[in-house]
Amino acid sequence: MPYSILLSGCGSAGKFVAQVAEQSARARVTALFDPSGEQLAAARSHYPDAVTGDDLGSLIEDTRPDIVAVAGPDHLHADQAVLALELGAHALVEKPLATTVADARRIMDAADRTDLTVMTDHTIRYMYPWREMSRAAKSGEIGDIFFVQGDYIHDMWSIYQPGERRHTPWRIDRQHPQNILLGGGCHPIDNILSTVDSPVVEVFAYSSKMSVPEFPSDDCYIVMLKFENGVLGKVFVSSGCSGHGMGGGMLAVYGTEGTLWNGKLYRRGEEPVTLPNVSDEAAVGGHGWGRSVIDFLDTLDGRIENPIPARMGARVVAVCEAGLESVRTGRPQTPDWP
């Protein structure tokens, strides 16, 4: 029997999770939840037999899904994931896992209590060329890593601006605006943490708000990382650049015997080598849902170990939280490493 899925959040992330799950024939969407009537109606057009409701807890209790896909606003992830677990469902949680380490720990504790599965859906780590570059670095193809960096550089004006086609109201909500370090910077940070096998011991960060008047929070961050093994790192985040996707990309890795940048392996005195693309099947909706959702189902089936358990998602949150505290205090911070 296919797994039953309750989709909590029917925006783009939820849509692509549901699409991949249903196309696999291993899961089906049986319930939908979204406070936005417009998004809920759009989802109902694809899944007319799905049950809907205006209270998530009641909907979970009434429909008893195997899985809750948590795909709504970032600040709701923790409460919804814990609720799903406590009511007997596994949880696939879109990035970031939570917006504070305390909330991430609540999810981890709930997963331990219930013996249910939580996977953090960090989709970019599945995408070419970042997946291939990370694997090459971890396999020793550039020697010992000494520096690593990642960028999240986007022009999100059309997402922030009311009236634009891609406008997402919750991202600019005055009470709970999306923090772009957590909501966007989590992508390169996850790539970095999954590549460097060592905990981050110190974070120092700056931020500013100069490029997107419509956005009620800081829109630019630079975050410096120091790892326990001596590796240094840097993360640059901008949601207000005039253009899209410039910079070094979601991952660049520098080693004693070579460099990995933009899908190529560089060694001194040799021609650059383009890494072969083994991640084509992952690309769905501009992210890696084509592989991450399948990995989640494979985890539930016992075919693989959970590739991104809650603890890994919590470590990304810990780095972001330390960066935000560094911005506030003007001093380096030690992450609350889970």
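Below, each value reflects all heavy atoms present in this structure, side chains not excepted, and no hydrogens, waters or symmetry copies.
The distance from atom CD1 of I60 to atom CD of Q80, rounded to the nearest 0.5 Å, is 8.0 Å. In this structure, the separation between CD on E321 and OG1 on T100 is 6.0 Å, given to the nearest 0.5 Å. Note that the CZ atom of R166 and the CD1 atom of I159 stand 4.0 Å from one another [nearest 0.5 Å].
For D109 and R106, the salt-bridge test fails: no basic side-chain N is under 4.0 Å from an acidic carboxylate O. Between E132 and R135 there is no salt bridge, since no side-chain nitrogen of the basic residue lies less than 4.0 Å from a carboxylate oxygen of the acidic one. With respect to D218 and K209, no salt bridge is recorded, no charged nitrogen being found less than 4.0 Å from a carboxylate O. Comment: E38 does not engage R44 in a salt bridge, judged by the lack of any side-chain N to carboxylate O separation of less than 4.0 angstrom. Salt-bridge check for R125 with D295: failed, with every basic side-chain N at 4.0 Å or more from each acidic carboxylate O. At a threshold of 4.0 Å, the pair D301-R26 counts as salt-bridged, since one of the basic side-chain nitrogens sits closer than that to a carboxylate oxygen.
For the pairing with V70, the side-chain contact (heavy atoms from CB on, under 4.5 Å) check across V93, L83, V17 returns one residue only, V93. Of the candidates V317, V82, D112, V82 is the only one forming a side-chain contact (heavy atoms from CB on, under 4.5 Å) with I107.
When only modelled atom types and interatomic distance are considered, W157 and E214 share a side-chain donor-acceptor pair under 3.5 Å.
Checked by atom type and distance alone, the side chain of R328 never pairs as donor or acceptor with a backbone atom of G323 at under 3.5 Å. With hydrogens and angles disregarded, no donor-acceptor distance shorter than 3.5 Å links the side chain of H154 to the backbone of S239. Side-chain atoms of H77 do not come within 3.5 Å of backbone N or O of A98 as any donor-acceptor pair. Of the possible polar contacts, none joining the D155 side chain to the S242 backbone as a donor-acceptor pair under 3.5 Å is found. Proximity of a side-chain donor or acceptor of K95 to a complementary backbone N or O of D74 within less than 3.5 Å is not detected.
L85 and M108 are members of different hydrophobic clusters when ILVMFWY side chains are connected at heavy-atom separations under 4.5 Å. Following chains of ILVMFWY side-chain contacts shorter than 4.5 Å, one cannot reach I153 starting from V148, and the two form parts of different hydrophobic clusters.
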Is there a side-chain contact (heavy atoms from CB on, under 4.5 Å) between E305 and T299 once you walk through the steps? CA-CA 6 Å; E305 290 189 7; T299 298; over 6 Å; no
Full working for side-chain contact (heavy atoms from CB on, under 4.5 Å) between H90 and L300: CA-CA 9 Å; H90 303 287; L300 296 186; 3.6 Å; yes
Verdict with supporting geometry, E86 and R113, salt bridge (charged side-chain N to carboxylate O under 4.0 Å, His left out): CA-CA 9 Å; E86 290 179 341; R113 284 196 313 273; 2.9 Å; yes
With salt bridge (charged side-chain N to carboxylate O under 4.0 Å, His left out) as the test, would you mind laying out the steps for R105 and D336 before giving the verdict? CA-CA 11 Å; R105 289 187 188 279; D336 183 8; 2.8 Å; yes
Dump the intermediate steps for side-chain contact (heavy atoms from CB on, under 4.5 Å) on Y152 and I189, then the final yes or no. CA-CA 9 Å; Y152 181 87; I189 291 171; over 6 Å; no
Using side-chain hydrogen bond (donor to acceptor under 3.5 Å, both in side chains), reason through D121 and S292 one step at a time and then give a plain yes or no. CA-CA 7 Å; D121 203 9; S292 67; 2.7 Å; yes
Going through the checks in order, is the side-chain contact (heavy atoms from CB on, under 4.5 Å) test met by Q333 and E202? CA-CA 5 Å; Q333 299 294 318; E202 189 171 282; over 6 Å; no
Under 3.5 Å, which donor-acceptor pairs link side chains of residues 221-231 to any protein atom two or more places apart or in another chain?
| unit_1 | atom_1 | unit_2 | atom_2 | d |
| --- | --- | --- | --- | --- |
| Y221 | OH | N179 | ND2 | 3.3 |
| N229 | OD1 | V231 | N | 3.1 |

Per-pair distances, 0.1 Å, donor-acceptor, side chain in residues 251-266, under 3.5 Å, sequence neighbours excluded:
| unit_1 | atom_1 | unit_2 | atom_2 | d |
| --- | --- | --- | --- | --- |
| T256 | OG1 | D144 | N | 3.0 |

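Remark: aromatic rings of H122 and H287 are distant, center separation not under 6.0 Å. You'll find the ring centres of Y128 and Y126 outside the 6.0 Å limit.
Looking at heavy atoms from C-beta onward, P65 lies out of side-chain contact with I67 at the 4.5 angstrom threshold. Between T30 and L6 there is no side-chain heavy-atom pair separated by less than 4.5 Å.
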